[in-house]
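Not measured: the values here are computed from a predicted model. Each chain gets a letter, A, B and so on, in the order its sequence line appears, and its residues count up from 1.
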There are 2 protein chains.
Amino acid sequence: MKKKREGKTTSKIFDDHDHGMCFDDAIEQIENYFLKKNLQFTPLRRKVFEILIRDHKPLGAYEILEALGRDGFSSSPPIAYRVLDFLMEHGFVHKIQGLNAFIACPNPNHSHSPAFVICRKCEKVAEVDEKKSGISFANPSIDNFEVEKTTVEMTGVCTTCSRAATI
Amino acid sequence: MKKKREGKTTSKIFDDHDHGMCFDDAIEQIENYFLKKNLQFTPLRRKVFEILIRDHKPLGAYEILEALGRDGFSSSPPIAYRVLDFLMEHGFVHKIQGLNAFIACPNPNHSHSPAFVICRKCEKVAEVDEKKSGISFANPSIDNFEVEKTTVEMTGVCTTCSRAATI
DNA sequence: ACTGATAGTGTTATGTTATAACATGTTATG
DNA sequence: CATAACATGTTATAACATAACACTATCAGT
């Protein structure tokens, strides 16, 4: 029951989001990936990923733990952190440093140097690619240094929130 | 006793660091800035800045607190966090998200969108400007979003550490 | 000088995020 | 079917951060 994205034209980063596609595609992709790599997509790992992809918003580790508890899993901290580490290693989850929170990556084939746009009011987060972000961070190379991983986060206010505010 | 930088030519980001200049210049700059802005450069604020600029490496809030305690100041957490917030507001301290640590900014006149290079082995950190970093993040502008602040951190291994390792 | 506003520091308590260490269960493989 | 490797569970604690309130100092206006 795979939905296709409806024919929107605007590229409003926080709005043009067809969640049905996201969820189903993402589950399928992660299943395929794990199969191909001979990794176990266990019930716990599946559940954590589902929790994250369901809302597609950043969740703290302890929020994830609560959700796990509600669904009958153990809810002691290491459970969440271990699974999150695992999913992050494989690019299916990213940590949003500015929020101490985790977000699912629906498409791990994306650049492995994601950038995030974070609204500090509604705390919505969008993952953007280099072109959209106006930020270029491909292959950063520094004298005397080998870059392994980049963290790029842009915090501000989305138009929805700024319109809502009197300020 | 202001030292001038010696005539090095390489731009080895982790190595070409004349600390004497850094410290004295930085203290002078922050004093002038506070004077001009009619802000108090109190003993506590001075001490926190000195602690950070002394080693010019990232320190956790609790490391700073220990140092404060040794120097006769109170060492309960809010003390450090308040001063750090204050110094960050004015650009003299930055937080390194990837380390939950704070680093002094010797030159707050730099771009207000700093980027950091972090060695995950020795945990040394260098602040780089856009040109050096190969990363361009000036005026990032996103559809439907007003960027207020950017966080850019590049984690990897510096050549000193990678030479030292057998790996 | 008195009053009140503001800013800075101190203190206690607690909230939040993350990991260490070890026990138990489960799966793949020789 | 033994055993190595992987996965999960549990307890305890470490590390990071803030809330709420008390006290002091400084300074502007009266």
Side-chain angles (χ1 to χ4, degrees), chain A residues 30-31 34-52 58-90 92-103 120 123 151 153, chain B residues 30-31 34-35 37-52 58-90 92-103 120 123 151 153 155:
Chain A
I30 194 171
E31 274 174 349
F34 278 39
L35 210 65
K36 196 164 62 190
K37 294 252 182 177
N38 266 305
L39 299 166
Q40 299 176 241
F41 194 41
T42 62
L44 177 61
R45 288 171 180 171
R46 171 187 288 270
K47 179 57 73 178
V48 170
F49 186 71
E50 282 177 1
I51 289 164
L52 282 168
L59 297 175
Y62 283 72
E63 291 179 282
I64 293 166
L65 282 167
E66 276 175 40
L68 285 175
R70 272 184 254 116
D71 287 355
F73 291 86
S74 161
S75 61
S76 44
I79 295 294
Y81 285 105
R82 275 192 299 233
V83 173
L84 289 168
D85 283 348
F86 177 85
L87 293 172
M88 280 192 288
E89 261 172 42
H90 296 282
F92 292 98
V93 167
H94 298 296
K95 180 168 186 181
I96 306 297
Q97 296 282 2
L99 300 173
N100 290 323
F102 303 86
I103 191 164
R120 67 170 164 75
E123 295 209 337
T151 298
E153 297 179 9
Chain B
I30 194 170
E31 273 174 349
F34 277 39
L35 209 66
K37 293 251 181 178
N38 266 304
L39 299 166
Q40 297 176 242
F41 195 42
T42 63
L44 177 62
R45 287 169 181 174
R46 172 186 288 270
K47 179 57 73 180
V48 170
F49 186 72
E50 282 176 2
I51 289 165
L52 281 168
L59 296 176
Y62 282 69
E63 290 179 282
I64 293 166
L65 283 168
E66 276 174 40
L68 286 175
R70 271 183 254 118
D71 287 354
F73 291 86
S74 162
S75 61
S76 44
I79 295 293
Y81 286 105
R82 275 192 298 231
V83 173
L84 289 168
D85 283 348
F86 177 84
L87 293 172
M88 281 193 288
E89 261 171 41
H90 296 282
F92 291 99
V93 167
H94 298 296
K95 179 166 187 182
I96 306 297
Q97 297 282 2
L99 300 173
N100 290 324
F102 303 86
I103 191 164
R120 67 172 162 73
E123 294 209 339
T151 299
E153 297 178 9
T155 305

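- Distance, L65(B) CG to dT9(C) C1': 13 Å, rounded to whole Å.
- With dG8(C), dT11(C), dA20(C) as the candidates, the nucleotide lying closest to the side chain of P78(A) is dA20(C).
- With rounding to the nearest 0.5 angstrom, the CG atom of L59(A) is 10.0 Å from the CD atom of E66(A).
- A 3.5 Å limit on both hydrogen-bonding distances identifies dG30(C) as the Watson-Crick or G-U partner of dC1(D).
- In this structure, T42(B) reaches the dT9(C) phosphate: one of its side-chain N or O atoms is under 4.0 Å from OP1 or OP2.
- Closest to the side chain of Y62(B), out of dA18(C), dT11(C), dA17(D), is dA17(D).
- When all heavy atoms are compared, the tightest approach of P58(A) to E123(A) is CG-O, 3.7 Å.
- When the side-chain nitrogen and oxygen atoms of N100(B) are compared with OP1 and OP2 of dT17(C), none of them lie within a distance under 4.0 Å.
- In this structure, S75(B) and L65(B) approach most closely via the heavy-atom pair CB-O, 3.4 Å.
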Inset, instruction - Summarise how protein sits on nucleotides 24-30 of chain C as a single string, 5' to 3': B when a protein heavy atom is under 4.0 Å from the base, S for sugar-phosphate-only contact, - for no contact. - result: -------

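- Distance M88(B) CE to dC16(D) C1': 13 Å, rounded to the nearest Å.
- Within the structure, a side-chain polar atom (N or O) of K95(A) is placed less than 4.0 Å from OP1 or OP2 of dA18(C).
- The aromatic ring of Y81(A) does not sit over the base of dT19(C); the criterion of centres under 5.5 Å apart with planes under 30° is not met.
- Computed from coordinates, the L84(A) CG to dT17(C) C1' distance equals 12 Å when rounded to whole Å.
- Here the two rings, on F86(B) and Y81(B), have centers that are 6.0 Å apart or farther.
- For D85(B) and dA19(D), the CG to C1' distance is 14 Å, given to the nearest whole Å.
- Rounded to whole Å, the distance from CD on E66(B) to C1' on dA14(D) is 13 Å.
- We find that CZ of F73(A) is positioned 15 Å from P of dA7(D), with the value rounded to whole Å.
- Taking each heavy atom of K47(B) and D71(B) in turn, the nearest pair found is NZ-OD2, 3.1 Å.
- Distance L68(B) CG to dT9(C) P: 11 Å, rounded to the nearest Å.
- Atom-to-atom, CD1 of I79(A) to C1' of dC6(D) comes out at 14 Å; the value is rounded to the nearest Å.
- How far CD1 of I79(B) is from CD1 of I64(B): 13.0 Å, rounded to the nearest 0.5 Å.
- Two residues, L99(B) and R82(B), neighbour DNA chain D, and the one matched to the more 5' nucleotide by heavy-atom proximity is L99(B).
- Projected onto DNA chain C by closest heavy-atom contact, R45(B) and S76(B) fall at different nucleotides, the more 5' of which corresponds to R45(B).
- Ring centroids of F34(B) and F92(B) are separated by less than 6.0 Å, placing the two rings close together.
- Using a 4.0 Å heavy-atom criterion, one finds that L44(A) contacts the sugar-phosphate atoms exclusively.
- Of the inter-residue distances, the one linking D85(B) atom CG with E89(B) atom CD reads 7.0 Å to the nearest 0.5 angstrom.
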